[in-house]
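Please read the structure below before turning to the comments.
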Amino acid sequence: MSSQDTPAVMAPAGGKTADKVFKGIAYACGILILVVLAAVFLFLFFRAWPLIGGDQAANSATISSFTGGKVSSFWGYVLPLLFGTVLISVLALLIAFFVSIGIALFISHYAPKKVATALSYVIDLLAAIPSVIYGLWGGLILVPAIYPFWNWVANHLGWFPLFAGPAANPQRTVATVAVVLAVMVLPIITSMSRDIFLQTPSLQQEAAYGLGATKWEMIKLAVLPFGKSGIVSASMLALGRALGETMAVLMILSPSVTGYSFKILQASQSNAIASNIAAQYPEADDLGVSVLIGTGLILFLITFVVNFVARKITEKASA
Amino acid sequence: MGQRIDVNHENIYYGDFLAVEDVNINIEANKVTAFIGPSGCGKSTVLRTLDRMHELIPGARVEGEVLLEGKNLYDKDVDPVSVRRDVGMVFQRPNPFPTMSIRENVLAGVRLNNKHISKSDADDLVEWALRGANLWNEVKDRLDNPGIGLSGGQQQRLCIARAVAVHPQVVLMDEPCSALDPISTLAVEDLINELKSDYTIVIVTHNMQQAARIADYTAFFNLKAVGQPGHLEYFADTTTMFNNPQNDEAERYISGRFG
Amino acid sequence: MGQRIDVNHENIYYGDFLAVEDVNINIEANKVTAFIGPSGCGKSTVLRTLDRMHELIPGARVEGEVLLEGKNLYDKDVDPVSVRRDVGMVFQRPNPFPTMSIRENVLAGVRLNNKHISKSDADDLVEWALRGANLWNEVKDRLDNPGIGLSGGQQQRLCIARAVAVHPQVVLMDEPCSALDPISTLAVEDLINELKSDYTIVIVTHNMQQAARIADYTAFFNLKAVGQPGHLEYFADTTTMFNNPQNDEAERYISGRFG
Amino acid sequence: MDGAPVIDFDKFRVKPSTEKRRKAKDLFMAGLIALAFVIACLPLISVLYTTIKNGIKRLNLNFLTYNMTGVIGGNQTPSGGYGGVLHAIIGTLEITGGAMLISIPIGVMCAVYLVEYAHGGKLAMTISLLVDVMSGIPSIVAGLFAFSMFTIAFGPGTINGFEGSVALSLLMLPTVVKSCEEMLKIVPNDLREASLALGVTKQRTITKIVLRTALPGIVSGCILAIARVIGETAPLLMTAGFIASTNVNLFSGQMTTLPVYVYQEYSKLSANCPANADATCVTTIPMERAWAAALVLIIVVLVLNLIGRLVAKVFAVKTER
Amino acid sequence: ATVAACGDNTASTSSSSTSTDASKTAPVTGNYQGAGATSQQAATEAWIAGFEAANDGAKIAYNPTGSGAGVTTFLTGATAWAGSDKALSDDDLAKSKAVCAEGEAFDVPVYISPIAIVFNLKGVSDAGKHINLDAATAAKIFDGKITKWNDPAIADQNKDLTLPDTAITVVHRSDKSGTTQNFVSYFKDAAPDAWTYDLSENWPNEVGQGAKGTSGVISTVKQADGTIGYADFSQVGDLGTAAIKVGDKYNEISAEGGSKVIEDSPLDDSAKGDNRVVVKINHSTTADGAYPIVLVSYDIVCPAYKDAKQGAFAKAWLTYVTSAEGQKAAQDAAGSAPLPSSLTEKVTKSIEAIKTK
Ligand SMILES: Nc1ncnc2c1ncn2[C@@H]1O[C@H](COP(=O)(O)OP(=O)(O)OP(=O)(O)O)[C@@H](O)[C@H]1O
Ligand SMILES: Nc1ncnc2c1ncn2[C@@H]1O[C@H](COP(=O)(O)OP(=O)(O)OP(=O)(O)O)[C@@H](O)[C@H]1O
Ligand SMILES: [Mg+2]
Ligand SMILES: [Mg+2]
Ligand SMILES: O=P([O-])([O-])[O-]
């Protein structure tokens, strides 16, 4: 085939290298996430190694010193912490989830446009408040302010095991921490869902309206299904944030040393892994740090499991 | 029985832009009325004011009256939801609900009012509606597949099935056949003919043959100039419109017809 | 000069679903070839294999050959990007870029490819393309307004303008006129006639009059049964196809024609 | 319609009771949704009110232009102030900026990979899962990790601002990736096809059409991510350290950030005044400084936020005429 | 000009003029870092200010990461000194050999601060009144054995107060803390029957509520009626404090009272190693006016550094910190108790041992 006959198909397209490089970078960034996570995992694993491969008597002694002699095995130490972490995070997510979706819908579909823009700013503002300030506010303002409410709850709904009284005063409890964490994760869910709800194709919304759907029915038919994947992602991010939150929990919660409890209105019932690490790390010796990092490793694994399960469930639900 | 619609001195705005000006039209019950006219003259816009879909666009508003059996749709005490239930709509672009199966798509409207329909009633209804839209044979074996797995034309017919399944009083159709092949188009036209014994039908079409074939009345919309509001230029029964129009613009438009 | 396309033994899959089977067709250079056939028979699917758009759908793949001037588009060493540069496409649904003005939309193909073009050349190109798509008069005063603020028909014409602005060798059109009014349709048909002196045109249409009017060759696709793959039933020059088809199915389909 | 079942539409007729119920439900949900908003406003108003009320007292030019060197107990400094946050503002901006520079490009590109290239393959599923997992890494563990990495790379006890940036970017990444991923997903496929059909390369389609269309959402996501880390304390104490004087070099020496400053001042709670001190010695000054610095922090984030919003607005999808 | 650009507060003239003649050695220059106990933070800030004023060109940073982390960092060689609420362990000593140019690290006390028992009780603390407690009663309160403020055990010691029937809420540190260890070691020594827990920096029981840091304890105590906790003396504010029974008198908390206990305390001979000065607090002192609940915090340094400049700094630093002037600065800034003269001598001798060449 002479060059003149060569169809234009063979004309090299400009930007091919850029295309390849770009793809390469995108791939590399994807892989980088894997590498970083593997590095974090290995780091945790090696720092926690003395727990497994080290002198078990010394381990027991270290853990005893953490717990005032109540517990000396690693599992006895970490499982209650894990329980508390999950309890706090799940409560926070439960509170935040519905409120967030509500606000996101309010902004995307209920409020008039001007108001909605203003409200969007408000939510961004909420997202912009740093966690140390939430810690300060939670510890200094919310704790005394919320006591009458929780006290009322304990007195009137105390039959429900979660709300068993008497409500601690000051309210440095799981319930209060969950509220603060809920406020902290709320903007994450809200902001992401709002952005997605706003993108719901108007074709689909009109399809619903055209069938005589009320606004709420339209939302159920068109907006929520469209936003589902985004809502799930946002909730997972929020849950991760709640699981890993350190400072706010540390500054508000009155922790327990060991033990499992659902009594969220009483003080010193539960503790969370991240804040426990922050509380113990500054004064911990080498072995102590290993124990703490071991608890971090467990949190890491649990986050993995929670996400894995959540993913499987949503996959099933959407299949 | 279908219901009649009377539009009086209607001005339609998108924000500050007056899209359509001073429309006066009487749409007879149990008849098919076609809207024709050049692109951008406001056919879709007018159609969407007949079931209050227009107001869903931010900033859009309507002046004047739209009377459904004498009752102004735009009265304060009228609930747009019930208007839209009585006045069904099929859009220019097919828009099945992407997360729903074909079956669920058809039932979507009915489910709003009847939470609990027996399975057999539902099955009958689905079949009836899909047959009406000439889609039954193509999808009867995969009713539980997602609605968006269909071709464009299939999707549009699914949307027609969804709209008729709620059994509205008036059916508005915005170029329902523009994505359909001739066979499906014929089927939809048959459906329209069948429906008109019970309902009032308004259809926007670019296909003048279609208008001539199925419409009892035809409304010709026009634009004075680009950027100017559209308006109803001429309204007549279909025979007059296509054979002996009393309006120069309409005649010019129709005589340019083809195909 | 336009380029010819030869399709040999093409099977087209969506995942495991064989959508179209064993297509063999020769599309002549500088001619207009129309694809007709019932909904769902695979016209769009085949069309999209001609510029390798099909493979963008996850799981979709093609077997067989598509030769553009003798060179198989699906050869390993062929870059789909350059294929698509030579083979332009207009879609069934108008899809202007929402972030761009009308002007930027028209220039998108040029600008996005990082070609530098002087302002006056750009102005000329925009005007040429928009005039060709019969949109110039309507939008010349608001070229900097967003492209999606237009009506459906206007949007579709904008997309046509965008596709011709890159001067492709072959233009594929998937029901480009289904959303257009007769006047715009005529304008687009004129454009097609004009383009064919330089380019090869393939058009999917449901409107058989349109096919009869503008196409030199017509391909009739059909489905044996629902769920079965579509196939090319009959391919002939347009006169034969519409006046004296040598194929029963095609005859049946065409004789059901109307309007 | 041969063979079509005959339908008794009376069966499906709308009952007034249903209609009432639907309407009631619609109203009820609207009420709930509005209520959700009010509820969310309560803590916000309270946090803002508290911070402004307590912070405004010490928020002045002196506070913004001095650092904490030479500040002893509750005593006044020669300049007439009680120390300030200049060093912490610089630290916050540099460290957060460093974290942004690391995590936003990586995060966006990772999202691009997930949405545009991977098409739900095994690797993509794994990455996407692991991104979620990453969001659960406690900030203090991120700090420990960065600290250990730098110890390995640059010798024991290495502490500098950039180390803090690395720790923070670990925390930012998941938010950036997830929000970008969601935003890219909702860009209509039509647009990609339209662009590709014009013979535009995939890279340009992604950068000029897809990312461009999703930009406002991506900006919100990045703002979220910044907000997520700009208030971090625990990892920064460990990696960037704490110092009273101004350090502008991100790559060497300790750096204080505003949250760390707030936390340290809060930890001090009150300052001591010598027995012979005059009225200019203020014992409550640490808490006052903490609130004032908190207010500064909020303002800093707010300004970043506004810049982001502005960017988003300029590039917003043009929907209206 | 550069000073203004960095926002540094120019050193106050009064303190620099007095300090220049106190340090006779050549001024130290360069950047030096320390890390460790949070308890010393306020004092260390004052010391840094004083030291930098006297040594133009020296830039010192102290990162209050906590004693454990401070010692760990010191043992990597990254810091010039560590502040710690507890003496070095044998393990730490062994590790320090690798860091110090020769010999083992040693610790000297630099900061003594009484720990107050603080409480918030309507009608008592807000009226500015104190309560009297003996070791056993206090131990029982903090162990949750005494749960009401009007419990006879308390009332008997406070005949002139009318104590309400309010429940006692104990507030303790939730983080690992030297303050906690020093506090409970008092119970362990002075009321061994009432306090049977192992000695630990973690609070050993689940009575009452935990709060992070001294600031957390103070704010929690302030938040509700009937609370009692413990905190560094300087942070007491207007909360009520307990006078502790010493001999047969109840002694109010005071800085001097803290010094007196240390004066009356022997050195800990279990602390092996050269130059070490570790105090074994005599909790059962009967010295007049002594307040027995105290925290002693140490600075840890090497006898010789690999970088001689660091040695010169460490020597100058400790000399200043333990000088009367340094101790006064700490007293002013942090409300601490001065090092008793009996200790100062030993400390000075140890400091002399630091090699600067
Ligand atoms: N959402 C909108 N916002 C602003 N203006 C609009 C909007 N939709 C349509 N318009 C304008 O209103 C006018 C009428 O549009 P409409 O869609 O009703 O035309 P049409 O007659 O249906 O055209 P077509 O036949 O192309 O569908 C046009 O000028 C159009 O640009
Ligand atoms: N994305 C897809 N995934 C799976 N199957 C598809 C997809 N798109 C189309 N199909 C199937 O492929 C077949 C051919 O579809 P195609 O869209 O090519 O039909 P068409 O001839 O263009 O119809 P129409 O005239 O309605 O546009 C149909 O059975 C359709 O259901
Ligand atoms: Mg229209
Ligand atoms: Mg098609
Ligand atoms: O100085 P602390 O160990 O009590 O924090």
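Reminder, nothing fancy here: chain letters follow the sequence lines and each chain counts from 1.
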note = Highest number of heavy-atom pairs under 4.5 Å with chain D among A/Leu105, A/Val21, A/Ile273, A/Leu119 belongs to A/Leu119
task = Compare every heavy atom of D/Gly136 with every heavy atom of A/Thr303, then report the nearest pair and how far apart it is.
result = CG2-CA, 3.7 Å
inquiry  = Just so I understand: if I count every heavy-atom pair under 4.5 Å between each of D/Lys202, D/Met29, D/Met125, D/Met134 and chain A, which residue has the most?
reply    = D/Met29
ask   = In Å and rounded to the nearest 0.5 Å, what is the CG to CD1 distance from D/Leu130 to A/Ile33?
value = 9.0 Å
query = Looking at D/Met287 and A/Leu136, what are the two nearest heavy atoms and their distance?
reply = CE-CD2, 4.5 Å
ask   = Are A/Trp137 and D/Thr51 close enough that a side-chain donor and a side-chain acceptor fall under 3.5 Å?
value = no
key: Most chain D-contacting option - heavy-atom pairs closer than 4.5 Å, from A/Ile129, A/Ile302, A/Thr190, A/Ile31   = A/Ile129
request  = Mind checking the CD1-CG spacing from A/Ile101 to D/Leu32? Nearest 0.5 Å is all I need.
outcome  = 13.5 Å
task = Work out which heavy atom in D/Met183 is nearest to a heavy atom in A/Met192; give both atom names and the distance.
result = CE-O, 4.0 Å
query = Contact part of D/Ile140 toward chain A, heavy-atom cut-off under 4.5 Å: side chain, backbone, both or neither?
reply = both
query = D/Leu129 versus chain A, heavy atoms under 4.5 Å apart: side chain, backbone, both or neither?
reply = both
message = Under a 4.5 Å cutoff for heavy-atom pairs, which residue among D/Met238, D/Glu116, D/Met149 has the most contacts with chain A?
response = D/Met238
Leading residue by heavy atom contact count with chain A [cutoff under 4.5 Å; candidates D/Ala225, D/Ala124, D/Gly308, D/Ser179] = D/Ser179
ask   = Taking all atoms of both residues into account, what is the closest heavy-atom pair of D/Ala294 and A/Ile133, and its distance?
value = O-CD1, 3.4 Å
ask   = Between A/Phe43 and D/Phe145, what is the ring plane arrangement, given parallel below 30°, perpendicular above 60°, and tilted in between?
value = perpendicular
key: D/Asp132 versus chain A, the contacting section by heavy-atom distance below 4.5 Å   = both
task = Could you tell me which portion of A/Ala213 (side chain, backbone, both or neither) has an atom closer than 4.5 angstrom to a non-hydrogen atom of chain D?
result = backbone
inquiry  = Looking at D/Asp26 and A/Trp216, would you say the former's side chain and the latter's main chain have a donor-acceptor pair under 3.5 Å?
reply    = yes
note = Of the listed D/Leu44, D/Val38, D/Leu27, the one with the largest count of heavy-atom pairs under 4.5 Å with chain A is D/Leu44
task = Tell me, out of D/Val141, D/Ile39, D/Leu114, D/Leu144, who's got the most heavy-atom pairs with chain A below 4.5 Å.
result = D/Leu144
key: D/Leu48 versus chain A, the contacting section by heavy-atom distance below 4.5 Å   = side chain
query = What option among A/Leu198, A/Val289, A/Thr246, A/Val180 has the most heavy-atom pairs under 4.5 Å with chain D?
reply = A/Thr246
request  = Side chain from CB out, backbone as N, CA, C, O: work out which of these in D/Leu224 comes under 4.5 Å of a heavy atom of chain A, or both, or neither.
outcome  = side chain
ask   = Just by distance, with hydrogens left out, do D/Ser220 and A/Ser191 show a side-chain donor and acceptor under 3.5 Å apart?
value = no
inquiry  = Between A/Arg47 and D/Ser148 (side chain of the first, backbone of the second, donor and acceptor by atom type, cut-off under 3.5 Å), is there such a pair?
reply    = no
query = Taking atom CZ of A/Phe98 as the centre, does the number of heavy atoms from other residues, nucleotides or ligands within less than 6.0 Å exceed 12?
reply = no
note = Residue from A/Gly102, A/Gly135, A/Ala26 scoring the most non-hydrogen pairs under 4.5 Å with chain D is A/Ala26
ask   = Considering only heavy atoms, which portion of D/Val177 lies under 4.5 Å from any heavy atom of chain A: side chain, backbone, both, or neither?
value = side chain
note = Separation between SG (D/Cys110) and CD1 (A/Ile25), nearest 0.5 Å, reads 13.5 Å
key: Atom pair OG1 (D/Thr233) and CG (A/Leu250), whose distance is rounded to the nearest 0.5 Å   = 10.0 Å
ask   = Are the side chains of A/Phe22 and D/Thr207 in touch, meaning some heavy atoms are under 4.5 Å apart?
value = yes
inquiry  = Please classify the contact between D/Ile206 and chain A as side chain, backbone, both or neither, with a heavy-atom cut-off of under 4.5 Å.
reply    = side chain
query = To the nearest 0.5 Å, what is the distance between NZ (D/Lys178) and OG (A/Ser235)?
reply = 11.0 Å
ask   = For D/Leu306, is it the side chain, the backbone, both or neither that has a heavy atom under 4.5 Å from a heavy atom of chain A?
value = side chain
inquiry  = Which one wins on heavy-atom pair count under 4.5 Å against chain D: A/Ile123, A/Leu299, A/Leu301?
reply    = A/Leu299
query = Can you say whether A/Ala39 sits under 4.5 Å from chain D via the side chain, the backbone, both, or neither, judging by heavy atoms?
reply = both
Atom group of D/Leu304 that falls short of 4.5 Å from chain A, counting heavy atoms = neither
inquiry  = I'd like to know if the side chain of A/Ser120 pairs up with that of D/Arg309 as donor and acceptor (distance under 3.5 Å, no hydrogens or angles considered).
reply    = no
Distance in Å, A/Glu245 CD paired with D/Glu232 CD, rounded so as to fall on 0.5 Å steps = 6.0 Å
query = Given a strict heavy-atom distance threshold of 4.5 Å, which part of A/Leu140 is in contact with chain D: side chain, backbone, both, or neither?
reply = side chain
query = Any side-chain heavy atom of D/Pro259 within less than 4.5 Å of one from A/Met247?
reply = no
task = Specify which of A/Thr200, A/Leu243, A/Leu37, A/Val99 makes the most heavy-atom pairs with chain D at under 4.5 Å.
result = A/Leu37
task = Could you tell me which portion of D/Leu170 (side chain, backbone, both or neither) has an atom closer than 4.5 angstrom to a non-hydrogen atom of chain A?
result = side chain
key: Engaged part of A/Arg311 at the chain D interface, taking heavy atoms whose separation is under 4.5 Å   = side chain
query = Pick from D/Arg228, D/Lys23, D/Lys185: which one has the most heavy-atom pairs with chain A under 4.5 Å?
reply = D/Arg228
ask   = Looking only at heavy atoms, what is the nearest atom pair of A/Leu237 and D/Thr175, with distance?
value = CD1-CA, 3.8 Å
task = List the atom of D/Ser46, the atom of A/Ile141, and the distance in Å for their closest heavy-atom pair.
result = OG-CG2, 4.2 Å
ask   = D/Ser139 versus chain A, heavy atoms under 4.5 Å apart: side chain, backbone, both or neither?
value = both
query = Is chain D contacted by the side chain of A/Phe300, its backbone, both, or neither, given a heavy-atom distance below 4.5 Å?
reply = both
